[in-house]
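Report on the structure given below.
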Amino acid sequence: MPTDNDLLRTIKEPGDLRALTAGQLETLARQIRATLVESVARTGGHLGPNLGVVELTIALHRVFESPRDRIVWDTGHQCYVHKMLTGRVDEFDRLRQAGGLSGYPSRSESVHDLVENSHASTALSYADGLAKAAQLTGDTDRAVVAVVGDGALTGGMCWEALNNIAGARDRPVVIVVNDNGRSYAPTVGGLADQLTTLRTSRRYERLLEWGKDQVRPVVGEPVFGALHAAKRGLKDMLVPQNMFDGLGLKYLGPVDGHDVAAMEKAFERARHLGGPVVVHCITTKGSGYVPAESHVADRFHAVGVIDPDTGAAIGAPAARSWTDVFGDSLVTAGESRPDLVALTAAMLEPTGLGRFSRAFPERTFDVGIAEQHAVTSAAGLAMGGLHPVVALYATFLNRAFDQALMDVALHRLPVTFVLDRAGITGDDGASHNGMWDLSLLQLVPGLRIAVPRDGRRLGELFGEAVACDDGPTAVRFPKGPVPPDLPAVETVADLDVLYRDGPEDVLVVGLGPMARTCLDLASLLAAGGVGSTVVDPRWIKPVSPALAPLAARHRLVVTVEDNGVTGGAGSAISRALRTAGVDTPLRDFGIPQQFLDHGKRADLLRAAGLTSGDIAARVVETLSGFPMTQPA
Ligand SMILES: Cc1ncc(C[n+]2csc(CCOP(=O)(O)OP(=O)(O)O)c2C)c(N)n1
Ligand SMILES: CC(=O)[C@@H](O)[C@H](O)COP(=O)(O)O
Ligand SMILES: [Mg+2]
């Protein structure tokens with residue numbers, strides 16, 4: 001019999017949970033919480049969301065038999081407890097580190113992990129597909145369970161899936177709503193209000209049940225029947241039927257999401273009810289850890305390295321970030337432009353809209369985790385005479401591409417997309433890297449793209465973007481501290497020349513923050529007797545016409561971008577040069593078009609060959625195939 005002080009480490013697989021007594025389950029929950037705090041305090045990660053699902057995950061894995069039963073986690077940032085209970089507790093010391101545990105489900109880590117994509121609101125669609133597959137293959141003895149947060153539930157895909165799931169009363173799907181009332185901040189919109197009503201109304205119902213049991217024996221049946229009929233009418237008048245009932249989904253709850261026994265009872269019932277069932281679990285983000293529970297902004301949604309005792313961030317205070325520069329630029333612009341409005345998809349502070357929202361609350365819109373809606377709503381705002389700024393992480397624009405293309409650009413509407421976390425972000429794995437936006441947006445007719453190399457250029461380019469009123473614009477920048485400004489040594493038309501020395505061997509086009517790498521590249525080339533000119537076009541779409549004559553004077557053009565290399569800025573520049581009749585060879589350097597494992601940004605850039613040394617070696621190799629000019 002395991003001793004209680006190491007219970008957690010005796011759990012090698014979910015089946016080990018079923019032998020535990022109620023007392024041991026409480027001990028286990030305590031040990032999981034302690035391990036979460038102690039470990040994530042050292043590595044960083046999604047502490048708040050995981051503290052909120054300790055009991056929920058225990059109950060889930062006691063009732064459902066993963067991997068036979070399929071459990072899908074929406075977004076996946078709350079899967080640490082799931083990983084601890086599926087044999088990976090000893091790997092948490094390398095959480096979110098290269099070669100270590102991913103911060104999200106990972107199919108290469110475990111058969112218990114299904115969905116790796118960290119983009120929210122997908123779980124119910126996966127569940128719908130899994131349930132259909134089970135039905136078609138006769139594999140009907142396995143349950144399909146989706147755990148979806150109240151925030152993720154504000155995403156449109158959830159309702160597309162619910163429409164399908166609810167339409168098949170004979171196809172079992174267990175939908176566990178992990179309702180902690182928050183995304184980062186409190187979840188917004190009518191759905192959130194409905195969930196709140198459910199929380200209160202169900203408590204009201206429990207109260208009513210209790211009241212009935214007290215009153216019935218006292219007044220006797222006939223009087224009780226009349227009272228009950230009146231009460232029923234009163235209740236329906238006071239408390240609307242819930243949205244799940246309305247869709248024809250069976251609804252169980254709300255259940256205390258920190259009471260293992262109560263959830264087990266509900267999950268068992270859901271399992272045997274058959275058809276689609278919603279189990280509405282009420283949890284607290286950051287539960288059981290005071291620094292998280294009391295953290296006003298986001299309940300420790302995601303933390304860096306912290307002091308486990310106090311929750312205080314450890315290390316130097318965060319340097320001024322690209323996001324800070326954008327946030328300040330937006331407020332400055334907003335002060336003189338009453339037509340500027342800002343939209344976020346449940347990420348007000350992370351995308352830098354916090355200051356603007358406090359200065360101009362009526363001009364700030366949090367639409368929930370609903371990027372597609374955000375973009376087309378922005379199109380409506382622009383049609384209404386305003387200039388919307390849609391602030392997203394670059395990777396999340398992927399799902400709103402059609403809206404950007406057909407709802408905004410087709411109508412040549414003045415919408416400005418501000419894409420934070422552009423390029424390799426690293427820690428959050430493949431689906432969080434912002435490495436597709438430059439390629440996708442190259443396809444959008446009439447959309448202009450700016451890629452600032454430093455904070456000063458970000459402020460300038462953002463101002464230029466919101467000044468464009470004849471079509472959409474996009475400004476993209478990476479995660480993290482903003483680098484020191486990189487002044488131009490001269491300008492050629494609309495190109496900033498950052499360096500020019502020696503024979504015109506190589507024209508280096510440094511895009512955005514890669515300009516700094518390109519200056520190092522120029523130094524390495526110079527040391528090898530190769531002359532170069534380094535330019536930053538600032539606006540990379542449309543391609544500056546000034547590039548063609550400059551390229552024509554060089555022996556090789558090199559482009560360097562922090563975007564997937566396929567169809568990115570380098571491809572566009574190459575096409576523009578050919579169209580201009582310039583046949584100078586071009587080598588484009590960018591992120592390989594692959595899904596990158598999680599790791600540190602610098603390491604991943606190095607692995608992608610995007611360091612000045614790697615690029616220099618390949619440039620010299622390319623030049624060696626050409627007759628060298630005599631140094632000037
Ligand atoms: C499409 C998309 N947009 C934004 C995000 C960023 N994001 C990560 S977690 C999160 C909040 C999720 O809230 P909820 O589903 O309620 O889960 P909780 O963190 O409360 O457990 C957001 C907005 C994302 N992962 N995917
Ligand atoms: C899970 C999720 O999508 C975000 O919380 C993600 O972790 C982004 O983190 P940063 O804001 O640190 O880039
Ligand atoms: Mg939530």
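Residue indices begin at 1 and follow the sequence shown. Whatever order the structure lists them in is the order used to number ligands and atoms, beginning at 1.
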Give yes or no for whether the N/O distance cutoff of 3.5 Å, strictly under, is met between His432 and ligand 1.
-> no
heavy-atom search around atom 12 (O) of ligand 2 in the protein gives Lys479 NZ, 3.0 Å
Top protein contact for atom 3 (N) of ligand 1, by heavy-atom distance | Glu371 OE2, 2.7 Å
Among non-hydrogen protein atoms, atom 12 (C) of ligand 1 lies closest to Ile369 CD1, 3.8 Å
Ignoring water, what protein N, O or S atoms are under 2.8 Å from the Mg ion (ligand 3)?
-> Asp150 OD1, Asn180 OD1, Arg182 O
Looking only at distances, please establish whether an N/O atom of ligand 1 is found under 3.5 Å from an N/O atom of Met347.
-> no
Identity and distance of the protein heavy atom lying nearest atom 13 (O) of ligand 1 | Ser183 CA, 3.4 Å
Does at least one non-hydrogen atom of His432 fall below 4.0 angstrom from an atom of ligand 2?
-> yes
of all protein heavy atoms, closest to atom 7 (N) of ligand 1 is Tyr184 CE1, 3.8 Å
Which of parallel (below 30°), tilted (30 to 60°) and perpendicular (above 60°) describes Phe360 and Phe356?
-> tilted
Looking at ligand 1, does any of its N/O atoms fall within less than 3.5 Å of an N/O of Gly151?
-> yes
Would you mind checking which non-hydrogen protein atom is closest to atom 15 (O) of ligand 1, with the distance to 0.1 Å?
-> Ala152 N, 2.8 Å
